[in-house]
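Comments concern the structure below.
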Amino acid sequence: MSSGTHILIVDDDANNRFMLVQRLRQMGFAQTSEADSGHAALAQIRATTPDLVLLDVMMPGTDGVSVLEALRSEGRLAEVSVIMVSAHDSLDVAARCIELGAEDYLTKPIHVPMLRARVMAVLERRRLGAVEHAFLTHYDPETHLPNRHALLERVDRLRAGGRRFALAAVQRREHGSIALGEGEGDAQQQLRALNNRMLASSLPTDIVARVDDGTLAWLLSDVQSDHLLLHEVETTLNLGSARTSAPSDLIRDCAVGIAIGSPDDRTQESAELLRLAISEAARIEPEALERVSIADPALREATRSSLALHRDVERVLSLGEFLLYFQPIFS
């Protein structure tokens with residue numbers, strides 16, 4: 001942890017800075033920098049974004065509290081880890097610093113064991129926060145399945161490879177309990193079970209992701225015949241119109257919309273392809289015998305035109321460019 005960690009020491013006293021640099025190097029932190037004022041500290045932090053700042057409270061001009069206030073008001077710098085350092089143990093000052101987001105508070109003279117403990121604790125919290133952020137970026141926190149972001153990354157990769165692939169949106173119609181909080185654990189369990197069924201199939205599965213409350217997206221990395229694809233998806237999910245036995249509770253309310261990604265179409269966006277699959281699944285009537293459908297490629301163009309029109313309308317609305325000449329009334 002210490003080898004690549006950049007720590008900035010901010011203090012107007014050169015002796016204090018020297019002492020802290022030496023103590024940190026003894027602890028294994030070789031990448032340190034110094035600032036002798038609050039103004040210089042802000043400039044360095046904006047330029048380098050250190051992993052941790054040891055910030056003196058009492059400095060002439062821009063003091064440590066002012067630096068902390070400035071950091072917390074700037075978007076990307078609001079998450080910089082800061083330990084306040086002061087020769088005064090005023091509880092009011094310490095409380096103010098904690099309110100502004102300081103990770104910890106050290107009093108001078110600094111004892112090396114206390115410095116080590118506080119620095120290591122802050123860096124460990126930072127590491128765990130980064131791990132949690134990385135997880136939430138790519139995984140759904142409720143089901144621990146990959147999320148929409150992870151799915152779209154994989155779709156982009158397949159599109160770049162120039163391969164023909166399929167993106168299936170598997171919608172469970174009876175998922176209201178997830179949104180309402182009733183039977184939430186059961187609903188999430190059912191989504192995970194549905195995920196396991198897809199992963200266990202013989203189809204070339206790249207990823208299965210949760211993209212909505214009751215919707216899983218199933219990315220198939222290599223597909224040839226549309227007819228064969230329909231048959232295999234129906235077989236995996238037991239959704240064929242000619243099934244001889246009643247489907248399980250798990251899949252009895254499923255509808256599947258499939259969008260085909262073609263290597264010949266370089267203009268389609270990954271998010272647009274997912275929307276097309278979801279729209280196709282939503283189009284299937286609850287009582288329909290055929291529960292799996294491939295979206296008509298012509299619909300993709302219609303969807304693209306509709307989205308472009310929607311964006312244009314939003315833009316001109318925001319700019320106040322619509323002018324109403326009359327209001328038709330229909331009976």
Side-chain angles (χ1 to χ4, degrees), residues 135-136 138-155 158 165-223 226 228-261 270-271 273-295:
F135 176 83
L136 293 177
H138 290 89
Y139 290 91
D140 174 57
E142 295 176 348
T143 61
H144 292 181
L145 298 178
N147 62 13
R148 182 185 294 254
H149 181 78
L151 170 78
L152 295 180
E153 281 187 350
R154 302 292 278 269
V155 175
L158 289 183
F165 61 91
L167 181 57
V170 183
Q171 284 190 343
R172 296 193 67 246
R173 301 291 173 81
E174 298 180 5
H175 64 274
S177 61
I178 301 179
L180 296 174
E182 180 181 347
E184 186 174 348
D186 291 341
Q188 292 167 12
Q189 240 179 358
Q190 289 175 346
L191 284 179
R192 284 192 291 267
L194 191 56
N195 165 75
N196 294 339
R197 184 186 288 253
M198 297 179 200
L199 293 177
S201 77
S202 60
L203 288 167
T205 301
D206 184 283
I207 189 175
V208 177
R210 184 187 186 186
V211 293
D212 208 344
D213 277 349
T215 304
L216 296 181
W218 186 7
L219 182 59
L220 304 171
S221 58
D222 229 337
V223 295
D226 290 354
L228 184 60
L229 173 64
L230 280 174
H231 173 71
E232 290 183 337
V233 170
E234 287 176 344
T235 300
T236 299
L237 300 178
N238 193 22
L239 291 174
S241 60
R243 51 182 177 257
T244 57
S245 59
S248 68
D249 289 341
L250 174 65
I251 49 82
R252 64 187 168 85
D253 63 332
C254 283
V256 184
I258 301 176
I260 302 297
S270 299
L273 201 64
L274 175 60
R275 282 192 293 268
L276 185 64
I278 292 175
S279 296
E280 185 66 17
R283 190 185 63 80
I284 299 172
E285 297 294 335
E287 66 276 5
L289 291 177
E290 299 295 341
R291 311 298 295 279
V292 183
S293 176
I294 295 180

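Throughout, numbering of the chain's residues begins at 1 and tracks the sequence. Just so it is clear, the structure is predicted and the values come from calculations on it, not from any experiment. Hydrogens, waters and symmetry mates play no part in the numbers below; they use all other heavy atoms, side chains included.
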So, do [X] and [Y] sit near enough that their side-chain heavy atoms are less than 4.5 Å apart?
X: Leu220; Y: Leu229; answer: yes
X: Ile284; Y: Glu290; answer: no
X: Val170; Y: Leu194; answer: yes

If you round to the nearest 0.5 Å, how far is [atom2] of [Y] from [atom1] of [X]?
X: Ser293; Y: Leu230; atom1: OG; atom2: CG; answer: 7.5 Å
X: Asp212; Y: Ile278; atom1: CG; atom2: CD1; answer: 6.5 Å
X: Leu145; Y: Arg192; atom1: CG; atom2: CZ; answer: 7.0 Å

Test item: Arg172 side-chain N/O and Leu191 main-chain N/O as donor-acceptor pair under 3.5 Å: no
Heavy-atom donor-acceptor pair, Arg154 side chain to Leu219 backbone, under 3.5 Å: no
Tell me, please, which residues at least two apart from [X] pass side-chain hydrogen bond (donor to acceptor under 3.5 Å, both in side chains).
X: Asp140; value: Thr143, Arg210
X: Arg148; value: none
X: Thr205; value: Trp218
X: Asp226; value: Arg164

With Ala282 via side chain to side chain contact (heavy atoms under 4.5 Å, CB included) - residues at least two apart: Gln171
Residue list, side chain to side chain contact (heavy atoms under 4.5 Å, CB included) with His138, at least two apart or on another chain: His149, Ala150, Glu153
Taking every non-hydrogen atom, the tightest pair across Leu273 and Leu167: C-CD2, 4.1 Å
Closest non-hydrogen atom pair between Ala169 and Ala281, with its separation: O-CB, 3.7 Å
Leu274, Val208, Asp206 screened by side chain to side chain contact (heavy atoms under 4.5 Å, CB included) with Leu151, the one that passes: Leu274
